[in-house]
Amino acid sequence: MINKNYDLLGEQLAESGLEMSIVIGAGAIIGGISAVASGIFGASQADKQNREADRAQKKQQEQLDKIADNTNEYSKKVFKVDRQNYANTRAFERETLIKNWQYQTEQQDFGYLSAIEQYGKSVQNTQDRLTYNSIAAMQAYESEQSALNDLFTEDAFSRQGMLVDQLQNEGKAALGQAGNSRTKALQSSIAALGRNSAIMDASLSSSVEQSQRNMQQIGLQRYAADLQANASMMIKPKKGPAIPLPIQAPERIFIEPMEVLPGQAAPARQQSTFAPILGGFISGAGQIGMGIANQAANNYQSPFGSGNWAMGGSQPYNPFTG
């Protein structure tokens, strides 16, 4: 017998709402679990990204350290090479200075020795010239003296001839004449002899004075020739002062290159691994809590029975749905 009060449509709607409520509650729980899992996954991804960021920072720092090491090594090599080049250049300069000093000293000695040789030759030439002047003067003196001697000899011969002529004239006068005539003839002959003697004396005296003047002129000519010879003689050379030893400039002061410190890599950007977990747990907890609440509401039974007696139906009373 069919109960006229049985509500088939209401029962189906009630069952459909219950199932939907169960599905919603289960979905909420699953969504909450998924939210928690998503938070854990997000934390894992954040941790992975953090490790990658750390590795990138470490790699960058290693590159910066390597660049600093290479720069310092290169600077040290350049500094060492610069010092060695400076030492080589300084040694070469010193060797060149010493060689130049030795060459200049040798040139000075050579020049001095050459001057000494020239001076010696000049002295010898002067001595030869003075000797020549002396010999020439002596020859001139001898020639002049010989000429003077010849003059004296000629004068003596002339006087002797005059005396012979006088004696002859006196003899002729004594033989050919007598008395006053002879006396006059003798006087005339004596007077002629006196005149001739006086003339000869004057001529001889003049010749002697001229010879003396010639002698003086010879002496003056020799003196002038000696002066000219001495004037043409070189002055004795003097050795110049010693060439000072070469002096090098002060040594260069080197400053070691400053060590380059490596640059600091930018710090890795760290993502929070706790925030995704916390967010997942908060979101999951809310969804799970809602699912549990819905499930609890669906499982609730009224203390008045399983049917709606007032309406004559058999559907259990749900305080949330009526």
Side-chain angles (χ1 to χ4, degrees), residues 104-243:
Q104 292 176 1
T105 302
E106 291 174 358
Q107 287 294 106
Q108 185 185 51
D109 294 340
F110 177 78
Y112 175 72
L113 293 177
S114 298
I116 288 294
E117 291 179 358
Q118 293 176 4
Y119 172 73
K121 186 64 176 178
S122 177
V123 171
Q124 184 63 41
N125 292 337
T126 302
Q127 292 296 332
D128 294 341
R129 186 66 183 175
L130 294 176
T131 301
Y132 171 80
N133 293 340
S134 177
I135 295 174
M138 289 177 62
Q139 290 179 349
Y141 284 137
E142 290 175 0
S143 296
E144 188 66 28
Q145 187 65 44
S146 177
L148 184 61
N149 291 337
D150 291 340
L151 182 63
F152 280 130
T153 301
E154 184 180 358
D155 181 75
F157 280 115
S158 296
R159 289 178 184 278
Q160 187 177 2
M162 288 174 57
L163 182 60
V164 171
D165 292 339
Q166 177 66 27
L167 290 176
Q168 290 178 352
N169 291 330
E170 287 180 357
K172 290 179 180 180
L175 292 175
Q177 297 178 1
N180 292 330
S181 297
R182 185 178 59 184
T183 302
K184 289 180 178 179
L186 290 174
Q187 290 177 348
S188 177
S189 177
I190 293 171
L193 179 63
R195 287 195 301 271
N196 292 333
S197 295
I199 292 172
M200 292 182 66
D201 288 341
S203 177
L204 180 61
S205 177
S206 176
S207 296
V208 171
E209 291 177 357
Q210 182 63 41
S211 178
Q212 290 177 350
R213 286 193 294 271
N214 292 339
M215 292 289 188
Q216 291 177 355
Q217 185 65 28
I218 291 171
L220 289 175
Q221 290 177 350
R222 178 188 176 183
Y223 179 72
D226 289 346
L227 287 178
Q228 185 177 1
N230 289 323
S232 62
M233 185 178 66
M234 289 179 56
I235 299 175
K236 185 177 182 180
K238 295 182 180 180
K239 190 173 184 179
I243 298 176

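Here the structure is a predicted model, which means the values were calculated and not measured. Residue numbers start at 1 and run along the sequence shown.
- Take Asn149 and apply the side chain to side chain donor-acceptor pair (under 3.5 Å) test, not counting sequence neighbours, and it matches Gln145.
- Legend: residues meeting side chain to side chain donor-acceptor pair (under 3.5 Å) with Asp150, ordered by chain and number and at least two apart, are absent.
- Applying the side-chain contact (heavy atoms from CB on, under 4.5 Å) criterion to Ser207, with sequence neighbours excluded, gives Leu151, Ser203.
- In terms of heavy-atom proximity, Tyr141 sits nearest to Met215 at CD2-SD, 2.9 Å.
- Across every non-hydrogen atom of Thr105 and Ile243, the tightest pair is N-CD1, 3.7 Å.
- Counting only residues at least two apart or in different chains, side chain to side chain donor-acceptor pair (under 3.5 Å) contacts with residues 106-116 comprise Asp109-Lys239.
- Of the inter-residue distances, the one linking Lys238 atom NZ with Tyr119 atom OH reads 11.5 Å to the nearest 0.5 angstrom.
- For the 3.5 Å distance criterion, the side chains of Gln216 and Arg213 fail to qualify, holding no donor opposite an acceptor.
- Residues passing the side chain to side chain donor-acceptor pair (under 3.5 Å) test with Ser134, sequence neighbours excluded: Arg222.
- Ile218 approaches Ala137 most closely through the heavy-atom pair CG2-O, 3.7 Å.
- The shortest distance between side-chain heavy atoms of Met233 and Asn125 does not fall below 4.5 Å.
- In the displayed structure, Gln221 atom CD is contacted under 6.0 Å by more than 12 heavy atoms of other residues, nucleotides or ligands.
- Partners of Asn133 under the side chain to side chain donor-acceptor pair (under 3.5 Å) rule, at least two apart in sequence or in another chain, are Asp226.
- Side chain of Ser232 to main chain of Gln228: a donor-acceptor pair is present (N/O by atom type, distance under 3.5 Å, no hydrogens or angles).
- Summarising the geometry, atom CD belonging to Glu142 is positioned 10.5 Å from atom CD1 belonging to Ile135; distances are rounded to the nearest 0.5 Å.
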